[in-house]
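Order of appearance sets the numbers: ligands from 1, and atoms from 1 within every ligand.
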Amino acid sequence: MKCILIIGDGMADRPIKELNWKTPLQVATKDAIDELTRRGVCGIMDPISPGIPPGSDTAHLAIFGYDPTKVYNGRGVFEALGAGMKVLLGDVGFRCNFATVDDNMVILDRRAGRNIEGARELGEALNGIKLKDYPDVQVIFEHTTEHRCAMILRGKGLSHKVSDSDPDTAGVRIYDVKSLDDSPEAARTAALLNELTKRFHEILRKHPINFIRKTNGLPQANAVLMRGASTLPHVKPITEIYGIKALAVVPNALVKGIASFVGMDQIAVLGATGTVDTDIVAKAKATIENLSKYDFIFVHVKGSDNASHDGNIQQKIEMIEKIDKLVRYILDHVSLDETIVALTADHTTCLGTREHAGDPVPVVIAGMGVRKDGVKAFSEIDCAHGGLCRIRGADLMPILMNYLGKCQKFGE
Ligand code: ZN
Ligand code: ZN
């Protein structure tokens, strides 16, 4: 038995007036998903716990079977993983922004105009710099997308227990980083980060890219804002827990980082973008092509979340219909006698509020051994009548692995 798990990021929603008080899943045309539903067992799932709006990072950790309240101490390290950076245990990771500041370090633009031409070169100028007082600490810096960057500090005596330098608003000075506990490691890391903020500013303000930006009347990318300090938790990868080979078909940086952290191999799929214009059939083909080599394949589609954050109703419906094409291709190419196929969302993202919400998400599991439950359509409302009832995110992996015969017996 094999397993394919498909996650439509932020796919679940609330009923909205514009859709006659239905959800996007209820109005989208999704024959393949509904076929999967008729052939499967359904339920609703609280990714973290009832009412708690999950981030994509904590939701995925939970769905892969971990307790995010125990293993998660911030997003920075996952941002770095997602950027393809190698992260070691003990490294402290950060999410960073290029920003525009004045001579007093007052923030004029938190994103330095957002799309920064030459941002990669600016990132390279900061990567690998050494601070005189911290010769043993490696600074690994990389531009990711638009104004965003990821940073890793590597060395002894560091801590993630430090505050953000990013005030999350313009018009104020970059915050001094402070230690969040009494440890000498946190104090040292905070002092180092404050030193680093100054050095980054010195390097960036003299960088040729910024001269060009000035000539063109663009905001200077002359500072770096840091937030989300975190470290990798010590966890056993799912590949070891269940003795499986696992593959992630995920273009989105953050989710890709989490998938690799829990032990999944990665493949890059041409045309898979992690946005609404992703080539869904290319992803479906890559999944099927690799099924003989893996026990578990995780396919992630990000566009449904993007559309929700943009409040774009039509685009969200179209993304669900794209996911339907993915499910159709999979149903056409696998036998449910040999493969468990599951579909869910990592959280609800409301078109109304354009934010994640703590409502449960629908889930369906189809394949050999599954107790079909008579639910005919895949939606937040229909699946609530299914045989899985209401589960938590961390229940999903054991449920799937049980069908694969990969769960250890508990007791004699
Ligand atoms: Zn998400
Ligand atoms: Zn989101």
Side-chain angles (χ1 to χ4, degrees), residues 5-14 16 23-25 44-66 68-69 71-72 74-79 81-83 95 97 111 144-148 168 227-228 230 248-262 264 272-278 280 283 298-313 315-320 322-323 326 342-363 380 392-394 396-397:
L5 169 64
I6 306 158
I7 291 190
D9 204 300
M11 180 168 63
D13 212 312
R14 290 176 179 167
I16 52 171
T23 69
L25 272 172
I44 52 174
M45 178 173 85
D46 296 292
I48 308 288
S49 61
I52 303 300
S56 285
D57 43 12
T58 50
H60 280 87
L61 283 170
I63 289 168
F64 297 140
Y66 302 92
T69 63
V71 303
Y72 185 82
R75 179 158 164 179
V77 84
F78 292 105
E79 196 78 5
L81 268 180
R95 308 172 70 192
N97 273 15
R111 301 182 181 88
T144 56
T145 56
E146 297 180 323
H147 53 282
R148 301 180 196 95
D168 202 21
R227 64 189 188 282
S230 73
V249 183
V250 180
N252 174 263
L254 175 65
V255 179
K256 188 159 82 177
I258 293 170
S260 86
F261 163 65
V262 303
M264 296 187 205
T273 57
T275 65
V276 289
D277 58 15
T278 198
I280 205 87
K283 283 166 103 159
F298 162 56
V299 190
H300 180 260
V301 182
K302 181 70 182 167
S304 36
D305 188 55
N306 300 359
S308 316
H309 285 296
D310 290 343
N312 190 332
I313 299 172
Q315 199 172 59
K316 182 157 190 180
I317 293 169
E318 283 166 18
M319 276 315 299
I320 293 167
K322 260 193 171 183
I323 294 171
L326 170 78
L343 171 69
T344 188
D346 60 338
H347 48 75
T348 295
T349 309
C350 298
L351 282 163
T353 61
R354 305 186 177 196
E355 293 293 347
H356 297 190
D359 311 46
V361 300
V363 52
E380 301 83 347
R392 292 205 185 190
L396 188 63
M397 264 323 264

Without swapping roles, check the side chain of Thr278 against the backbone of Thr275 for a donor-acceptor pair under 3.5 Å.
no
Ring centroids only, cut at 6.0 angstrom: are Tyr72 and Tyr66 within range, meaning strictly under it?
no
Results of side-chain contact (heavy atoms from CB on, under 4.5 Å) for Ala394 - residues two or more places apart only:
none
With side-chain hydrogen bond (donor to acceptor under 3.5 Å, both in side chains) as the test, pick out the partner of Asn97 among Arg227, Arg148, Glu146.
Arg227
Classify the side-chain pair Thr349/Asp305 by whether it contains a donor and acceptor separated by less than 3.5 Å.
yes
Looking just at side-chain N and O atoms, do His347 and Asp9 make a donor-acceptor pair shorter than 3.5 Å?
yes
Quick one: report the N, O or S atom of Asp346 that is nearest to the Zn ion (ligand 1).
OD2
Pull up every protein N/O/S atom sitting under 2.8 Å from the Zn ion (ligand 2), skipping waters.
Asp305 OD1, Asp305 OD2, His309 NE2, His356 NE2
